[in-house]
There are 4 protein chains.
Amino acid sequence: MVITASREERQTDILKAAIRVFSEHGFDGAKMEYIAKEAGIGKGTVYEYFESKDRLFEEILKFSVDRYSQGLKEAIDQGKTIEERILNCSRFNVEFLNNHMEFMHIAMQIKMLSKEIRAHHMAVHAVILEHYSEMIKEAKANGELRPDLNEEIAMFCIIGALEQFCKQRFYMDPRPLEEKDYQAIVDVLLRGLK
Amino acid sequence: MVITASREERQTDILKAAIRVFSEHGFDGAKMEYIAKEAGIGKGTVYEYFESKDRLFEEILKFSVDRYSQGLKEAIDQGKTIEERILNCSRFNVEFLNNHMEFMHIAMQIKMLSKEIRAHHMAVHAVILEHYSEMIKEAKANGELRPDLNEEIAMFCIIGALEQFCKQRFYMDPRPLEEKDYQAIVDVLLRGLK
Amino acid sequence: MVITASREERQTDILKAAIRVFSEHGFDGAKMEYIAKEAGIGKGTVYEYFESKDRLFEEILKFSVDRYSQGLKEAIDQGKTIEERILNCSRFNVEFLNNHMEFMHIAMQIKMLSKEIRAHHMAVHAVILEHYSEMIKEAKANGELRPDLNEEIAMFCIIGALEQFCKQRFYMDPRPLEEKDYQAIVDVLLRGLK
Amino acid sequence: MVITASREERQTDILKAAIRVFSEHGFDGAKMEYIAKEAGIGKGTVYEYFESKDRLFEEILKFSVDRYSQGLKEAIDQGKTIEERILNCSRFNVEFLNNHMEFMHIAMQIKMLSKEIRAHHMAVHAVILEHYSEMIKEAKANGELRPDLNEEIAMFCIIGALEQFCKQRFYMDPRPLEEKDYQAIVDVLLRGLK
DNA sequence: GATGAATGAGCCTTCATTCAT
DNA sequence: AATGAATGAAGGCTCATTCAT
């Protein structure tokens, strides 16, 4: 335990430890004791930083969703063409979901989030969709995508394909993803199945 | 409580009640008492049909996954062209997931499934992928899809897009899906984004 | 299941089955279902003959204690000398306890016997002591035992030694008892240790 | 609740409380809540010291049996003659069994002791018999007891008579034991009934 | 009368939370 | 501020008892 860690650093340590423990054990299976141990602190100390297990979970969710949103934005911005951008999104999704897949699943089924957090979650989710939506709009404006493309549907195709691919590899077939895999996805998405 | 229900009918009633309760409350949040109440029977009676909560969950999973696999197969078989088939898959997915979405999410993160059930689950998942895979192969053979299409990727694009669409509508935007929505998805998938 | 069994015979069958099950599983461990199965009847049928588990246990206790008292009396009466009589008691004790040892232990710690049954139990116990007491008195009168012998203590020595011997052989050292063992006990009791 | 109690003291407190509760209610009748209340602590706290009810019972058994064995040894060692020694054993038995009688009965019918504990129990029982056996051997060597005495039988007579006496007084006739009672037992044992 | 499916009170055990140190 | 021993509410499961057939 680093004595000199600031309150904020300590809080982040707990947050990250908690993500690992929630991911491994699910919400109800994640005992506060595990989280404390994972963070290398005493059980009571967690309560110095987060008032309850529910609240801790909510903070994690916020933290993760914010990081995802921000990371996705960067991934998109660092590409020039729509192809590069989708490729970047793919890579970012894989990287992020490899670390947070389980956690995101847990998050999705939690019904008892506080109104505040639920609102935040919805808001950030909307922001994420917005990132994709803008990307698609720009590409349409540039002529990279056909002008009559249904933007919403396109978005879901991209997101869904990427996510499905991550899931398959994560749960069923743990081959490491290679560059050609990313290329193949983008290829199918852009050219269609025909 | 229907007095005349056979043992098998009663068991199915409990199964269905349990799906609803697990979906609503998650695995740990689903109290056996809720399940019993939902099925309109006493708490102890559930144990006459399923030896434990874990075992009950496993049976549900088997039941649901089998029904999904079978339903998907039928959906595919009832279409002639690849377009019709994907449309049917879409409709079936929406219908099924509307009823079982939450439950399937719960199922995905359960780590402590028995070896037997885990094996069954993986096997049925493989069968499901096989249904999609065959559909794509046939369509390639017929010339409906281009011959150089990466089948695995195509499969993930189709599954992912459909699922993503269901999820979006389920969680975020509960508009009922219309026929034009299905058409739009198939259109994007088949024609590509370009 | 013998259809023609009279109500009384059926009741005795259940009683005997219950003794076996209580002996094997203890009071709380003895499920009514086991007892029914052991008696070859349905669970509900037990309740046609005994109104509750507690009542059934009490009836067994009565039954057993009566049989013990009666058997002991016969064993004593069939001997002429004090030596023969103690030998007979030994043999009877061994035989009876081999079949009812566990059950008697269970009986001893049951605190919640009804007043009525507790009274009966005490009464029969007193009768048993009386059998021994009379035996000793008669032997004193005959000059077989010394006139200054403390009758109560003598009784406890006889009962205790016999019982201890049975217990040892039952729990720790399951050699079958032989005639010479009985002789040795009587010998020590009558001649003293010195 | 003594705040300053060490972990070990607290554990012993629970042990002793549990002996009382098991003695009063039997194994299955002894609710963990009663034990906690008897020890003056919360229900959950018992589990900080003993992992389960079964384990707690086993620990008590070990504890009691060890104390009995040790106490008996001391009782014997503090006597010079065989008479003194048997007197000491009597007094010790009465004292110990007055406090643990019920518990020892419960212990005897527990079938599901772990192998380890069962082995320990048997071992200590053997040690106890050994204490008696040695006492008798020494007395024979000293000429206090006759040389042709069957040691095993003698042992059972002594143990049985003492125990029977305790039981009688405990269950049926709660007069306090007086010195002359002890004397009478030893007298009968040593001089024989004749 | 005989049955066994259904019932729910009751108990062992877990774990989020508190609080004295 | 940090800790972890103590707590008790809550839930999975058992089984004596009931009652419709």
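Quick caveat, the model's predicted, so the values are computed rather than measured. Convention: sequence-line order gives letters A, B, ...; per-chain numbering from 1.
Protein atom CE of M32(C) is 14 Å distant from nucleotide atom P of dT3(E), rounded to whole Å.
E38(A) pairs by the side chain to side chain contact (heavy atoms under 4.5 Å, CB included) definition with A17(A), R20(A), V21(A), not counting sequence neighbours. Among residues two or more places apart in sequence or in another chain, the ring-ring contact (aromatic ring centres under 6.0 Å, His included) test is passed with Y34(A) by H25(A).
When the nearest nucleotides of DNA chain E are assigned to G42(C) and E33(D) by heavy-atom distance, the more 5′-ward of the two goes with G42(C). Of the residues near DNA chain F, Y34(C) and T45(D), the one whose nearest nucleotide (by heavy atom distance) lies more toward the 5' end is T45(D).
Contact annotation for A30(B): backbone-only contact, meaning every heavy-atom pair under 4.0 Å involves sugar-phosphate atoms and none involves a base. At a threshold of 4.0 angstrom between heavy atoms, the contacts of F50(B) with the nucleic acid are absent. Note on K43(A): a base of the nucleic acid sits closer than 4.0 angstrom, heavy atoms only.
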task = Output, in order, the C-alpha distance, side-chain angles, deciding distance and verdict of side-chain contact (heavy atoms from CB on, under 4.5 Å) for L15(D) and L56(D).
result = CA-CA 8 Å; L15(D) 229 48; L56(D) 171 58; 4.1 Å; yes

task = Please report the C-alpha distance between F63(A) and I19(A) in whole Å, then the side-chain angles of each, then the deciding distance to 0.1 Å, and finally whether the side-chain contact (heavy atoms from CB on, under 4.5 Å) criterion is met.
result = CA-CA 10 Å; F63(A) 179 83; I19(A) 289 178; 4.1 Å; yes

Residues R55(B), E58(B); criterion side-chain contact (heavy atoms from CB on, under 4.5 Å); working and verdict = CA-CA 5 Å; R55(B) 203 81 191 81; E58(B) 294 189 344; 2.9 Å; yes

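At least one cation-pi condition fails for R67(A) and F96(A): the charged atom is not both under 6.0 angstrom from the six-membered ring centre and inside a 45 degree cone around its axis.
For DNA chain E, if you chain together Watson-Crick or G-U pairs that step i with j, i+1 with j-1 and so on, the runs of at least three with distances under 3.5 Å are E:2-21 with F:2-21.
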